[in-house]
Amino acid sequence: VLTKKNNKINGVIGEIISYEITLKRANGIVGSITDVYIHDTIPSGFKYLKGTTFIDGKKAQDPDGSSCLIFDIGTINTQVVCKYQLIIGAGVIEGTYDNIAVAKTVVAGTGSMAPALKGSQIRWQTISNIDIARVNIVLSPLFDSGLIIGKVFFDENKNALLDTGEDGICGVMVALDNGQYAITDEY
């Protein structure tokens, strides 16, 4: 049984999100499960933070892959806990992002893990349920929201400065490239 959780419900660009995947041997399974790998599909624009993987509290090697991280868990006796961190990249936009994990093992006789990452014909067998950790990317009140203050005026002397006697113009639309706009008032 696989469960996945993250430390934040909401995040902003540049923040680090910590993830925890717990994989427990299901009731009725006797003995250890060997050659276990967690396949973790991360959201587009999120990046793995190197050196942050811990398995059962011990520093572990970084996973292989970029959009689908593959963690080498090894053997499960009763349960294993894998922790790591992702950073929310600059290209991520506001919305809900899913991080999806599942445990797999190599089908006997199809090779070893190393060739799998080099495009070999290795076959994986899913050995757990799929679980999702969700994070909502929200606008940063400091960097993503702005305020424009100014005055639309008739520049009679064409010096690009508001001089005494140059009045504001009401009813002018000021539009932004994202479609937002405002109409100037009488001041």
Side-chain angles (χ1 to χ4, degrees), residues 1-26 32-76 79-145 177-178:
V1 177
L2 184 142
T3 57
K4 182 175 179 82
K5 61 183 179 179
N6 50 317
N7 68 329
K8 296 182 181 182
I9 295 171
N10 296 316
V12 298
I13 291 172
E15 272 191 321
I16 294 171
I17 307 289
S18 296
Y19 290 91
E20 179 178 298
I21 301 169
T22 302
L23 185 57
K24 293 181 183 180
R25 189 179 65 206
S32 299
I33 304 170
T34 59
D35 297 321
V36 176
Y37 299 88
I38 293 176
H39 291 231
D40 193 16
T41 304
I42 66 174
S44 179
F46 286 49
K47 304 286 184 235
Y48 171 74
L49 201 55
K50 290 185 179 190
T52 63
T53 298
F54 287 82
I55 297 175
D56 286 338
K58 296 176 186 162
K59 188 131 176 80
Q61 72 181 36
D62 288 333
D64 291 308
S66 57
S67 61
C68 180
L69 305 177
I70 300 176
F71 295 92
D72 184 351
I73 300 302
T75 300
I76 297 177
Q79 92 170 20
V80 170
V81 177
C82 176
K83 296 181 180 183
Y84 69 96
Q85 295 179 324
L86 299 178
I87 189 163
I88 304 168
V92 176
I93 60 172
E94 187 176 18
T96 300
Y97 291 81
D98 291 341
N99 186 314
I100 304 166
V102 64
K104 297 184 179 188
T105 190
V106 176
V107 173
T110 63
S112 65
M113 177 60 185
L117 297 175
K118 295 181 175 68
S120 167
Q121 294 300 317
I122 196 161
R123 291 188 328 215
W124 294 102
Q125 178 180 356
T126 299
I127 60 170
S128 77
N129 58 298
I130 294 172
D131 201 10
I132 298 172
R134 188 166 279 147
V135 64
N136 299 308
I137 303 305
V138 296
L139 296 177
S140 165
L142 183 59
F143 296 111
D144 293 321
S145 298
D177 60 358
N178 68 358

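- Side-chain atoms of Leu2 and Ile130, non-hydrogen and from C-beta on, never get closer than 4.5 Å to each other.
- Remark: the backbone N or O of Gly51 is paired with a side-chain donor or acceptor of Asp62 at under 3.5 angstrom.
- In terms of modelled atom types and a separation under 3.5 Å, the side chain of Asn6 and the main chain of Ala133 share no donor-acceptor contact.
- Residues satisfying the salt bridge (charged side-chain N to carboxylate O under 4.0 Å, His left out) test with Asp98, not counting sequence neighbours, are Arg134.
- Nearest heavy atoms, Val106 versus Tyr37: CG2-CE1, 4.1 Å.
- Between Pro63 and Ile70 the shortest side-chain heavy-atom distance does not fall below 4.5 Å.
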Could you pull out all donor-acceptor pairs under 3.5 Å where a side-chain atom in residues 87-95 meets a protein atom, sequence neighbours excluded?
none

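- With sequence neighbours excluded, no residue satisfies side chain to side chain contact (heavy atoms under 4.5 Å, CB included) with Lys58.
- Other residues, nucleotides and ligands place more than 12 heavy atoms under 6.0 Å from the NZ atom of Lys59.
- Side-chain contact between Val135 and Asn99 is absent, with no heavy atoms from C-beta onward closer than 4.5 Å.
- The side chain to side chain donor-acceptor pair (under 3.5 Å) test applied to Tyr97 returns no partner, not counting sequence neighbours.
- Contacts classified as ring pair (Phe, Tyr, Trp, His ring centres under 6.0 Å) and involving residues 1-20 (residues at least two apart or in different chains) are given here: Tyr19-Tyr84.
- For Lys47, the salt bridge (charged side-chain N to carboxylate O under 4.0 Å, His left out) criterion is met by no residue, not counting sequence neighbours.
- The backbone N or O of Gln85 sits less than 3.5 Å from a side-chain atom of Thr52, completing a donor-acceptor pair.
- Taken from CG in Asp64 to NE2 in His39, the straight-line distance is 10.0 Å, to the nearest 0.5 Å.
- Every side chain to side chain donor-acceptor pair (under 3.5 Å) that Glu15 has, sequence neighbours left out, goes to Lys8.
- For the pair Thr105 (side chain) and Asp35 (backbone), a donor-acceptor distance under 3.5 Å is present.
- Across Ala103 and Ser128, no two heavy atoms sit closer than the pair N-OG, 2.8 Å.
- A donor-acceptor pair under 3.5 Å is absent between the side-chain atoms of Asp131 and the main chain of Ala101, judged by distance alone.
- Residues that satisfy the side chain to side chain donor-acceptor pair (under 3.5 Å) test with Ser66, not counting sequence neighbours, are absent from this structure.
- From Ile16, atom CD1 reaches atom CG of Asn7 across 10.0 Å, with rounding to the nearest 0.5 Å.
- If you take OG1 on Thr53 and CZ on Phe71, they are separated by 4.5 Å, rounding to the nearest 0.5 Å.
- Applying the side chain to side chain donor-acceptor pair (under 3.5 Å) test to Thr3 and every residue at least two apart in sequence or in another chain returns nothing.
- Minimum interatomic distance between Tyr48 and Ile42 (heavy atoms only, all atoms of both residues): N-CD1, 4.5 Å.
- Applying the salt bridge (charged side-chain N to carboxylate O under 4.0 Å, His left out) rule to Lys104 yields no partners; only residues at least two apart in sequence or on another chain are considered.
- Closest approach of Asp56 to Gln79, counting heavy atoms only: OD2-O, 4.1 Å.
- For the side chain to side chain contact (heavy atoms under 4.5 Å, CB included) test with Ile73, the passing option among Ile21, Ile33, Ile38 is Ile38; the others fail.
- Residue Ile132 places its CD1 atom among more than 12 non-hydrogen atoms of other residues, nucleotides or ligands, all under 6.0 Å distant.
- Atom CG of Asn10 and atom CG of Leu139 lie 11.0 Å apart (nearest 0.5 Å).
- The structure places CZ of Phe46 at 12.0 Å from CG of Leu69, a figure rounded to the nearest 0.5 Å.
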